[in-house]
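Right, one structure below, let's go through it.
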2 protein chains.
Amino acid sequence: MQEWQEEVLAEVRAGSRISDRDIVDKVRRAVLMQRLPPGTRLPEVTLGEVFGVSRSVVRKALTRLASEHVVDQRPNQVARVRAPSIEETRETFAARRLVEGEVAALLAGRLDAASHARLAAEARGEVEAHGRDDEPARIEHSLAIHHLLAEHSPNRVLGAMLTDLILRTSIVIALYKRPNLASCFLEGDHAALLAALGQGDAEAAREGIQRHLESLEALLDLSPREASIDLMAILGRSREQA
Amino acid sequence: MQEWQEEVLAEVRAGSRISDRDIVDKVRRAVLMQRLPPGTRLPEVTLGEVFGVSRSVVRKALTRLASEHVVDQRPNQVARVRAPSIEETRETFAARRLVEGEVAALLAGRLDAASHARLAAEARGEVEAHGRDDEPARIEHSLAIHHLLAEHSPNRVLGAMLTDLILRTSIVIALYKRPNLASCFLEGDHAALLAALGQGDAEAAREGIQRHLESLEALLDLSPREASIDLMAILGRSREQA
DNA sequence: AACAGGTTCATTGTATACAGGATAAAGGTC
DNA sequence: GACCTTTATCCTGTATACAATGAACCTGTT
């Protein structure tokens, strides 16, 4: 809670106006980048001081983050960064396969040239970043691809659901990535997907997405943690004072 | 805004403690029952007086309702009951077909006896209520069936998404139901679904759900409204003083 | 040394006050 | 009479104060 306060404070001094949406964005991003590990306490006053606003604004932001499944907000208790279980991780991936597969199928053959070019550019950017061993940049490009799919979904309801699922899977990927793994890059997956989209082959696009997500999930370490996590959650101390 | 205030006030006097969740429940229910038609203004102070709490609690409730897509909350403007467009209605139904179909497929053959019995009882209750021409009761039973599916979904993430979609489709059904139609009852659909679930036939269950939802959507009047709704939304007055 | 009890502190829940923005009504102009 | 401007009112945005709950800690006992 000490180091990142300073980081955010710096960002705050640069930008002048702070609203609840800014707080949501910054916290979401910090969770995604693992600067705020799961279980981190997020007291309202502290956050208020960090962002230079009062508790009212922070409270609204926290409620929103809770509805995005980023933080856990329980009555009379400090909000904490959520730690999705292994089971929930599997379920989130399954849900995303279903939804993103459908979105890709709907999108097949219906992408305008500009959007397709934009997607292709991001895909190129991803392989290039991977070549440079620049994993953060690679992740940005990869996320951009999937977010573009969500944005352009002909079905906006599914698109919004997909946006949520992309965030949630990103969080659990960061959480459960095998530590020895340098990158979660799956060579050619995105290119193949774009090809299927361009050719208008809906089923190929759907299966391309689904296989891609299955491979991604397989890269994670989802072996049961000998109930250590459960014990932590139940009698848990010893994580927040670090 | 006058009549339902009294109703709610009565309910409030009965139950003693009021929290934001109670407000969410009551407003959600009122919207579902069309006691709060789309576009209804929901000022924070008024709601506060109705429920006997201050704006803080009301604000939290409204934010939650907004995240449930029940109300529209825009900066510096009064919250209003949301009026989903015809296009969004179609998209919501499509999303629900996808998600509920998958949930049904996952659930096929995996329902314990008690849950199956509960579902069967609700289905019987529905036909019985329909026989009595008691549409509100029929709706309750029908909703109970679908909510049970969502609750028992092996994939809890999909289950939560389904709960949200059930609410949203219920709202648009109330909104776009053909006025001459007495009931949205589809004879045998639920029974057939239960049979497929009991036999463990995943694909039959999925298709049963999907056909059921398609029939439901077909019962609605989703013909374009000659842009009258759009004009209303854009230059709109003249709806709230009623 | 382990445990039960009570006490203190940290943190959230709720209400209220004031400031700013949006809407609606009144007044003035063409 | 229609249109623009001005003003008044309503309503939300934000901050702050007080109450209430929960967690940590300290103490006294066995």
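Here is how names work: the chains are called A, B, and so on, in the same order as the sequence lines, proteins then strands, and each is numbered from 1.
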5' precedence on DNA chain C between A:E44 and B:P75 (nearest-nucleotide basis): A:E44

Please name all residues satisfying salt bridge (charged side-chain N to carboxylate O under 4.0 Å, His left out) with A:E87, sequence neighbours left out, ordered by chain then number. none

Give, ordered by number, those residues of residues 62-73 of chain A having at least one heavy-atom distance below 4.0 Å to an atom of DNA chain C; if nothing qualifies, reply none.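 None - not one residue of the stretch has a heavy atom sitting under 4.0 Å from the strand.
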
Between residues 53-61 of chain A and DNA chain C, which residues have a heavy-atom gap below 4.0 Å?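 Within this stretch, A:R55, A:R59 sit under 4.0 Å of the strand.
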
Protein-nucleotide distance ([X], atom [atom1]; [N], atom [atom2]), rounded to Å:
X	N	atom1	atom2	answer
A:Q77	D:dG22	CD	C1'	8 Å
A:E49	C:dT11	CD	C1'	12 Å
A:F51	D:dA15	CZ	C1'	18 Å
A:R74	C:dG13	CZ	C1'	17 Å
A:D22	D:dT14	CG	C1'	15 Å
A:N76	C:dT11	CG	P	14 Å

Any pair with a residue in residues 66-78 of chain B that passes salt bridge (charged side-chain N to carboxylate O under 4.0 Å, His left out), sequence neighbours left out, goes on the list, sorted by first then second residue, please. B:R28-B:E68

Hey, is B:E135 close enough to B:K177 for a salt bridge, meaning N to O under 4.0 Å? no

If you apply the rule side-chain contact (heavy atoms from CB on, under 4.5 Å), what do you find for B:M161 with B:L158, and how did you get there? CA-CA 5 Å; B:M161 289 167 49; B:L158 279 179; 4.2 Å; yes

Protein-nucleic acid N or O pairs under 3.5 Å, nucleotides 6-10 of chain D:
none

Using a 3.5 Å distance criterion without hydrogens, assess whether the side chain of B:R178 forms a donor-acceptor pair with backbone atoms of B:L220.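 Side chain of B:R178 to backbone of B:L220, a donor-acceptor pair under 3.5 Å: yes, one is there.
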
Check: B:E217 side chain, B:F93 main-chain N or O, donor-acceptor pair, under 3.5 Å: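 Here the side-chain-to-backbone pair does not exist.
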
If we only count heavy atoms from C-beta on, is the [X] to [Y] side-chain gap below 4.5 Å?
X	Y	result
A:P84	A:T92	no
B:I209	B:L149	yes
A:P154	A:L107	yes

Per the side-chain hydrogen bond (donor to acceptor under 3.5 Å, both in side chains) rule, what does the pair list look like for residues 152-164 of chain B, sequence neighbours excluded? B:S115-B:H152

Spacing of CG belonging to B:L47 relative to CG belonging to B:L62, to within rounding of 0.5 Å: 6.0 Å

